[in-house]
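Reading through the structure tokens given below for one structure.
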Amino acid sequence: MVTLFSGRVLIRNNSDQDEVETEAELSRRLENRLVLLFFGAGACPQCQAFAPVLKDFFVRLTDEFYVLRAAQLALVYVSQDPTEEQQDLFLRDMPEKWLFLPFHDDLRRDLGRQFSVHRLPAVVVLKPGGDVLTSDATDEIQRLGPACFANWQEAAELLDRSFLQPEDLDEPVRRSITEPLRRRKYRVDRDAGRGRARSGQDAQGDAGAGAELW
């Protein structure tokens, strides 16, 4: 997976916009993870509508408020915005753990062609080795929510690292007296997600056609 961004700089979507530029840093954030390439643009109405759904999906899988251990999941925003200001505005309310390419990096466009992205929004799901698992998961994410991840994890034969100590990324996992309540909340959310997954298999995707990219 690191080879896809080899020699490139990725930026963290935090207030300091820290750069992830060494091979070791890229490896720590991308190796043995499912990687979502989110192609979007702030000027795209469909992207604006989908962004809160994707944000909630990502947070529920990676935020320790919902889960005891963050899922082996990374997301790279591949901006199709016409200006850097629009890109920054679109990312302003998105999770800090998201990564994105610098606006002036031509790889933003090259990836769209490489993965045959012709409309926005699009979410390409990549296996840890870089192979495409799902060419566009936007409808699946909207229908099934976080339950998607278990399906992808099984299909990708992703190595379960739940036996390892927490490794992310900047701060240790905090424990508090409210942890049992958070565990219970997650079990409820997880069971609800499974229910949506079962019912969603018979549902027809009703997402409207996305904006044409090229």
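What you are looking at is a predicted structure, and each value in this text was computed from that prediction instead of being measured. Numbers for residues simply follow the sequence, beginning at 1.
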Rounded to the nearest 0.5 Å, how far apart are CD of E31 and CZ of R28?
-> 13.0 Å
Can you find a heavy atom in the side chain of L26 that is under 4.5 Å from one in the side chain of L10?
-> yes
R108 (side chain) donor-acceptor with S79 (main chain) under 3.5 angstrom = yes
Roughly how far, to the nearest 0.5 Å, is the CD atom of Q153 from the CG atom of L61?
-> 10.0 Å
Basic-acidic side-chain contact under 4.0 Å: D110, R113 | yes
Interatomic distance, CG@L75 vs CG@N13, rounded to 0.5 Å, equals 10.0 Å
Counting distance only, does the side-chain N/O of K97 pair as donor-acceptor with the main-chain N or O of V59 below 3.5 Å?
-> no
Residue pairs passing the ring pair (Phe, Tyr, Trp, His ring centres under 6.0 Å) test with at least one member in residues 132-156, sequence neighbours excluded, are F57-W152
Side-chain donor/acceptor of S27 to backbone N/O of E23, under 3.5 Å | no
Is the shortest heavy-atom distance from the side chain of V9 to the side chain of V20 under 4.5 Å?
-> no
Heavy atoms of E64 and A70 approach each other most closely as OE2-CB, 4.2 Å
Any chance the rings of F100 and F38 have centres within less than 6.0 Å?
-> no
Given L30, which of L99, L4, T3 fulfils the side chain to side chain contact (heavy atoms under 4.5 Å, CB included) condition?
-> L99
side-chain contact (heavy atoms from CB on, under 4.5 Å) assessment of Y77 paired with L91 = CA-CA 9 Å; Y77 176 57; L91 286 169; 3.6 Å; yes
Does any N or O in the side chain of Q48 come within less than 3.5 Å of the main-chain N or O of G42, such that one atom is a donor and the other an acceptor?
-> yes
Under the side-chain contact (heavy atoms from CB on, under 4.5 Å) criterion, do V125 and V132 qualify, and how do the steps go?
-> CA-CA 6 Å; V125 183; V132 175; over 6 Å; no
For residues P102 and I11, determine if any side-chain heavy atom of one lies less than 4.5 Å from a side-chain heavy atom of the other.
-> yes
Interatomic distance, L120 atom CG to C44 atom SG [nearest 0.5 angstrom] | 5.0 Å
Tell me, do V117 and L111 make a side-chain contact under 4.5 Å, heavy atoms counted?
-> no
In terms of heavy-atom contacts, F103 and P82 come closest through CZ-O, 3.5 Å
Heavy-atom side-chain proximity of H118 to S116 below 4.5 angstrom | yes
Does the side chain of V35 come within less than 4.5 Å of L73's, by heavy atoms?
-> no
D56: what forms a salt bridge (Lys or Arg N to Asp or Glu O under 4.0 Å) with it, not counting sequence neighbours?
-> R60
Trace of the side-chain contact (heavy atoms from CB on, under 4.5 Å) decision for R109 with Q80 = CA-CA 7 Å; R109 303 291 180 183; Q80 305 300 305; 3.0 Å; yes
Going from OG on S135 to CG on L126, what distance comes out if it is rounded to the nearest 0.5 angstrom?
-> 11.0 Å
State, with a plain yes or no, whether a side-chain heavy atom of L34 is found less than 4.5 Å away from one of L133.
-> yes
Would you name the heavy atoms of R33 and A71 that are closest together and state the gap between them?
-> NH1-O, 4.0 Å
Expected output: side-chain T134 to main-chain D136 donor-acceptor under 3.5 Å = no
Following the transitive rule for hydrophobic clusters with a side-chain heavy-atom cut-off under 4.5 Å over Ile, Leu, Val, Met, Phe, Trp and Tyr, establish whether V53 and V123 coincide in one cluster.
-> yes
If only atom types and distance count, is the side chain of D88 paired as donor or acceptor with the main-chain N or O of R92 below 3.5 Å?
-> no
Going through the checks in order, is the side-chain contact (heavy atoms from CB on, under 4.5 Å) test met by F5 and V76?
-> CA-CA 11 Å; F5 300 102; V76 179; 4.1 Å; yes
Which distance, rounded to the nearest 0.5 Å, do you find between the CD of E19 and the CD of E25?
-> 9.5 Å
Nearest non-hydrogen partners of A41 and C47, listed with the distance = O-CB, 3.3 Å
Assess the side chains of Q46 and R119: does a donor N or O sit below 3.5 Å from an acceptor N or O?
-> no
Taking the side chain as C-beta and beyond, is there a heavy-atom pair between V78 and L107 under 4.5 Å?
-> no
Just by modelled atom types, is the Y66 backbone N or O under 3.5 Å from a matching donor or acceptor in the D63 side chain?
-> no
